[in-house]
Q: 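Structure provided below as structure tokens; questions to follow.
A, B, ... follow the sequence lines: proteins, then strands. Residue 1 opens every chain.
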There are 2 protein chains.
Amino acid sequence: MKRASHQTAARVTIEDVARAAGVSTGTVSRVLNRRAGVKAATRHAVLEAVSRLEYRPDAAARELSLRHPKRIGFHVAPSSTRFSPFYTLFAQHLSAALQESGLRLETVPSRPDGLPARSADAFVLVGLHDDDARIGYLHAQGIPVVLAGHAEGERWTRADDVDGGRQAALHLLRLGHTELLHVTGDLGGQAAFDRFRAFRGALQEAGVALPDARVLDGGFTTLGAYRAVRRALEGGVTFTGVFAASDEMACGVIAALEDAGLRVPGDVSVVGFDDLPEFGDGLTTVRQDVAKVAATAAALLKESLRGEPPRSEVIPVQLVVRGTTARRR
Amino acid sequence: MKRASHQTAARVTIEDVARAAGVSTGTVSRVLNRRAGVKAATRHAVLEAVSRLEYRPDAAARELSLRHPKRIGFHVAPSSTRFSPFYTLFAQHLSAALQESGLRLETVPSRPDGLPARSADAFVLVGLHDDDARIGYLHAQGIPVVLAGHAEGERWTRADDVDGGRQAALHLLRLGHTELLHVTGDLGGQAAFDRFRAFRGALQEAGVALPDARVLDGGFTTLGAYRAVRRALEGGVTFTGVFAASDEMACGVIAALEDAGLRVPGDVSVVGFDDLPEFGDGLTTVRQDVAKVAATAAALLKESLRGEPPRSEVIPVQLVVRGTTARRR
DNA sequence: CTGAAAGCGCTTACAG
DNA sequence: CTGAAAGCGCTTACAG
């Protein structure tokens, strides 16, 4: 039975936990901060009390006693569109998750050479590409790094772009589409590339070709996708199904189709990626759990600050079928 | 002479200020929080010490002693595009400014009826339109409100959209353009409407007409602007100068012009609004000082929390002439 | 009008 | 391995 947690309800403090577990507050603190040298039995007692009382440390108190707040740098590759809805959303979730632990997220701009212009106690890197120079640069300074992407031996998390691309392909194939078009983001970036590769791979397995003329660069923008599709249409390219590597691009694709007199999903089926409600609410798309990716990144960040060994985690995606895909006529 | 302020430099505390001013820390706190009942002379001594030592209160300590952090709700009208770069940037600046004072900015979603879905200790409302229902709704609950926009008798701040629209017009007129096109955002919103009205007003004063056919709704999106202009061009509308109510739309305008074989600024001059570096870096535009608007909003928010009387402030804008405008040939 | 002191909720040497 | 206590930088009754 849960008490209604009013804004004004007396909050559970570390002292409550200590009392409940029959130990001192210092010990509770040690357990919570994973310091070595606590007997397993006491640790368990503490952890049990923590979860029973639903204790959540006060960020301000923590920050104050730590002397200075840890600052987490948020850096997006200059080749990526800094204001993409996905990054914005990701940063919002991440900031909220970090705030709970007394960590501050700071957006750091790029230097002319593309590296972060300021320092921080740890970094989250987004808009990752292979051989991303930022990783080595930060490592050289001994600054912990967490990637929204992936790289061997690093700390990273990402949505399952590979499975997402595959699911989009399978869905379209199941509906009988074989003349497929793919609108990509920046293929130099991991997200776009992984989606593309998995999409094409799944088609190949099914014996369906994806000629170069049907792979269009939409640059992860609505207008980019619109122009690319419109040009393709004018150039005589034909297709009955489209996979766009983001919902914004799916929007552009649909607009281009409509402007050309084609109907969605009557004439052409369209699948997006991300599942951002503000982009076409009837869109069939691959949902990625931004909040979960952000929460995982926050956890990795905290581990990195404690010097724990690197690990990585792939967050599952899910195909959400709505109104922009239909069986081929 | 300023000391290099290392991350590790001993920070100036309220105690240092108290000592320097020859008073107790309690008194310094009273002055800083504008509590009544401090002798003018002592107040001045404290303020002098504060600025001489460049004292900046520690947000965490403040939050801790205040018992619970104040939460500021950030709400954008559902009719506005939540992920517009401008809002994102504004929220970033605002969040940073508030954090310094131990205030937390929380993005709050909309209910189906468009009102904020959660409560907070105070609200910042963006995407304002006339007779905005959110204002009365929050007032009725006694929640302080600050507007990024304007309304009689309220606390508000905004960039000088009116002067911005005028400047865009004057610039184009000075270059000899008289066949002008305006691409608007959502005219139901104040920002778009004020810019439009001022632009048209300035033209009228100069005896230059702006027929309805040359006022296009771009919906504050790149693609919206692109399609609107392209359609106008196909419909035979002619013009040599364009004012787009945002840089994103200016981008779309330029793309549409180029796709139609027109050159910028050779054939057509284009002026944007905002001055976001990521949108066309050679763009002639009206710069608004987002950081300043955000800082002002933060100040108003703090005043509202202290129950001070409402006031409002217009932040000046500035025309930045770059490569997308030229003299009419 | 202002000072001395308690308290906010944590962390971490310091003992033991 | 763990407790008692000091300290982080503020605010605010409580006295005077």
Q: Could you check whether atom CZ of B/R111 has more than 12 heavy atoms from other residues, nucleotides or ligands sitting under 6.0 Å from it?
A: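 Yes.
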Q: Quick one, which residues of residues 15-33 of chain B touch DNA chain D with a heavy atom under 4.0 Å?
A: B/G26, B/S29, B/R30, B/N33
Q: Quick one: do the B/D130 and B/Q190 side chains pair a donor with an acceptor below 3.5 Å?
A: yes
Q: Could you verify whether a donor N or O on one side chain and an acceptor N or O on the other, from B/H150 and B/S312, lie under 3.5 Å apart?
A: no
Q: Using 4.0 Å as the upper bound for N to carboxylate O, is an ion pair formed by A/K70 and A/E63?
A: no
Q: Using a distance-only test with no angle check, is there a side-chain donor-acceptor pair under 3.5 angstrom linking B/H139 and B/E154?
A: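 Side chains of B/H139 and B/E154: pair found under 3.5 Å.
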Q: With the threshold set at under 4.0 Å for non-hydrogen atoms, list the residues of residues 34-47 of chain B touching DNA chain D in residue-number order.
A: B/R35
Q: Please identify the 5'-most and 3'-most nucleotides of DNA chain C with any atom under 4.0 angstrom from a heavy atom of chain B.
A: C/dC1 to C/dG9
Q: Say you draw a straight line from CZ of B/F123 to NE2 of B/H75; how long is it, rounded to the nearest 0.5 Å?
A: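 So the CZ of B/F123 and the NE2 of B/H75 are separated by 7.5 Å.
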Q: Given that both pair distances must be under 3.5 Å and the pair must be Watson-Crick or G-U, what runs of three or more consecutive pairs involve DNA chain D?
A: C:1-3 with D:14-16, C:5-12 with D:5-12, C:14-16 with D:1-3
Q: What do you reckon, is CZ of A/R52 surrounded by more than 12 foreign heavy atoms closer than 6.0 Å?
A: yes
Q: Tell me whether the count of non-hydrogen atoms from other residues, nucleotides or ligands lying under 6.0 Å of CG in B/D113 goes above 12.
A: yes
Q: Which part of the nucleic acid, if any, lies within contact of B/L64, taking any heavy atom under 4.0 Å across all strands shown: a base, the sugar-phosphate backbone alone, or nothing?
A: base
Q: Quick one: side chain to side chain donor-acceptor pair (under 3.5 Å) partners of A/E15, sequence neighbours excluded?
A: none
Q: Run the salt-bridge test on A/R158 and A/E313 with the 4.0 Å N-O cut-off and return the result as yes or no.
A: no
Q: Can you sort out the partners of B/R30 under salt bridge (charged side-chain N to carboxylate O under 4.0 Å, His left out), two or more places apart, ordered by chain and number?
A: none
Q: Do the side chains of B/E308 and B/R34 get close enough for a salt bridge, i.e. N-O under 4.0 angstrom?
A: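 Yes, this pair counts.
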